[in-house]
Chemist: 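Here's a structure for you.
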Amino acid sequence: MHHIVTIHGMARVSAKLDLDQDLVKLGNAIRTRRMALALSQEALADYAEIDRSHMGKIERGERNVTFLNILRIAKAIQCQPSDLLIDAGL
């Protein structure tokens, strides 16, 4: 079953459609870099200006993270957004 939610007439793709586990790979890459910097998940969320519970869902691959949030996270962990994608093998 596909999970597509329509918001303001536009389809939003659910993380449940991530059959290749790309969101999990990205979340793992973020977690690995965060831990290498000895940052708590809460600290990273604060630096990136993202709700802590949302950050946890991003790291677990439960959310289809937006491009703007990838930019915020990369800035907070002092890397390029492309580094996160490379680390994730994407």
Side-chain angles (χ1 to χ4, degrees):
M1 172 186 275
H2 296 281
H3 298 278
I4 298 178
V5 179
T6 302
I7 299 176
H8 303 296
M10 297 181 68
R12 184 180 69 122
V13 179
S14 168
K16 293 179 181 180
L17 292 178
D18 182 21
L19 302 178
D20 293 328
Q21 298 290 293
D22 292 332
L23 294 174
V24 171
K25 294 172 191 173
L26 179 60
N28 287 335
I30 292 168
R31 180 182 297 113
T32 298
R33 283 191 176 254
R34 173 180 62 77
M35 293 178 76
L37 294 171
L39 286 175
S40 68
Q41 194 176 76
E42 184 173 2
L44 173 56
D46 286 343
Y47 293 143
E49 298 180 348
I50 296 172
D51 181 82
R52 194 215 51 82
S53 65
H54 189 66
M55 182 63 70
K57 291 174 183 176
I58 290 171
E59 285 193 1
R60 290 189 301 275
E62 296 172 358
R63 286 286 188 251
N64 192 0
V65 61
T66 67
F67 179 69
L68 292 177
N69 280 345
I70 291 172
L71 295 177
R72 288 180 181 141
I73 292 166
K75 183 177 180 181
I77 56 178
Q78 303 170 356
C79 71
Q80 295 297 313
S82 58
D83 294 334
L84 294 173
L85 297 175
I86 291 167
D87 291 353
L90 303 173

Chemist: What's the shortest heavy-atom distance between Ala48 and Ala76, and which atoms?
Modeler: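 That closest heavy-atom pairing would be N-CB, 3.9 Å.
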
Chemist: How long is the gap from CG on Leu39 to CD on Gln78, to the nearest 0.5 Å?
Modeler: 8.5 Å

Chemist: Does any N or O in the side chain of Asp51 come within less than 3.5 Å of the main-chain N or O of Ser53, such that one atom is a donor and the other an acceptor?
Modeler: yes

Chemist: How long is the span from the CZ atom in Arg52 to the CG atom in Asp46, to the nearest 0.5 Å?
Modeler: 10.5 Å

Chemist: How far does CG of Leu44 sit from CD1 of Ile50, to the nearest 0.5 angstrom?
Modeler: 7.0 Å

Chemist: Which pair of heavy atoms, one from Ser40 and one from Ala43, lies closest together, and at what distance?
Modeler: OG-N, 2.9 Å

Chemist: Any idea which heavy atoms bring Ala29 and Ala88 closest together, and the distance?
Modeler: CB-N, 3.9 Å

Chemist: Decide side-chain contact (heavy atoms from CB on, under 4.5 Å) for Leu85 and Leu26; before the verdict, give the C-alpha distance in whole Å, the side-chain angles of both, and the deciding distance to 0.1 Å.
Modeler: CA-CA 7 Å; Leu85 297 175; Leu26 179 60; 4.2 Å; yes

Chemist: Does a side-chain heavy-atom distance below 4.5 Å link Asp87 with Thr32?
Modeler: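 No - every pair of side-chain heavy atoms lies 4.5 Å or more apart.
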
Chemist: If every non-hydrogen atom of Ile73 is compared with every non-hydrogen atom of Leu84, which pair is closest and at what distance?
Modeler: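 What the structure gives for the nearest pair is CG2-CD1, 4.3 Å.
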
Chemist: Does the Asn69 side chain pair with the main chain of Thr66, one donor and one acceptor, at a distance under 3.5 Å?
Modeler: no

Chemist: In plain terms, say whether Glu59 and Arg31 are close enough for a salt bridge, that is, a side-chain N and a carboxylate O under 4.0 Å apart.
Modeler: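 Looking at Glu59 and Arg31, the cut-off is met.
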
Chemist: Should Leu90 and Ile30 be counted in the same cluster of Ile, Leu, Val, Met, Phe, Trp and Tyr side chains packed under 4.5 Å apart?
Modeler: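 Yes, because Leu90 and Ile30 connect within a single hydrophobic cluster, where side-chain heavy atoms sit under 4.5 Å apart.
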
Chemist: Does Ile58 belong to the same Ile/Leu/Val/Met/Phe/Trp/Tyr cluster as Leu23, with side-chain heavy atoms less than 4.5 Å apart forming each link?
Modeler: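 No: no chain of side-chain contacts under 4.5 Å links Ile58 to Leu23.
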
Chemist: Which of these, Arg60, Gln41, Arg63, Glu42, sits in a side chain to side chain contact (heavy atoms under 4.5 Å, CB included) with Met55?
Modeler: Gln41

Chemist: Working to the nearest 0.5 angstrom, can you tell me the gap between Ile70 CD1 and Ser82 OG?
Modeler: 11.0 Å

Chemist: Set out, in order, the CA-CA distance, both residues' side-chain angles and the distance that settles side-chain contact (heavy atoms from CB on, under 4.5 Å) for Asn28 and Lys25, then state yes or no.
Modeler: CA-CA 5 Å; Asn28 287 335; Lys25 294 172 191 173; 5.7 Å; no

Chemist: Near Gln21 CD, under 6.0 Å, is it more than 12 heavy atoms from other residues, nucleotides or ligands?
Modeler: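 Counting neighbours around CD of Gln21, more than 12 heavy atoms of other residues, nucleotides or ligands fall under 6.0 Å, so yes.
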
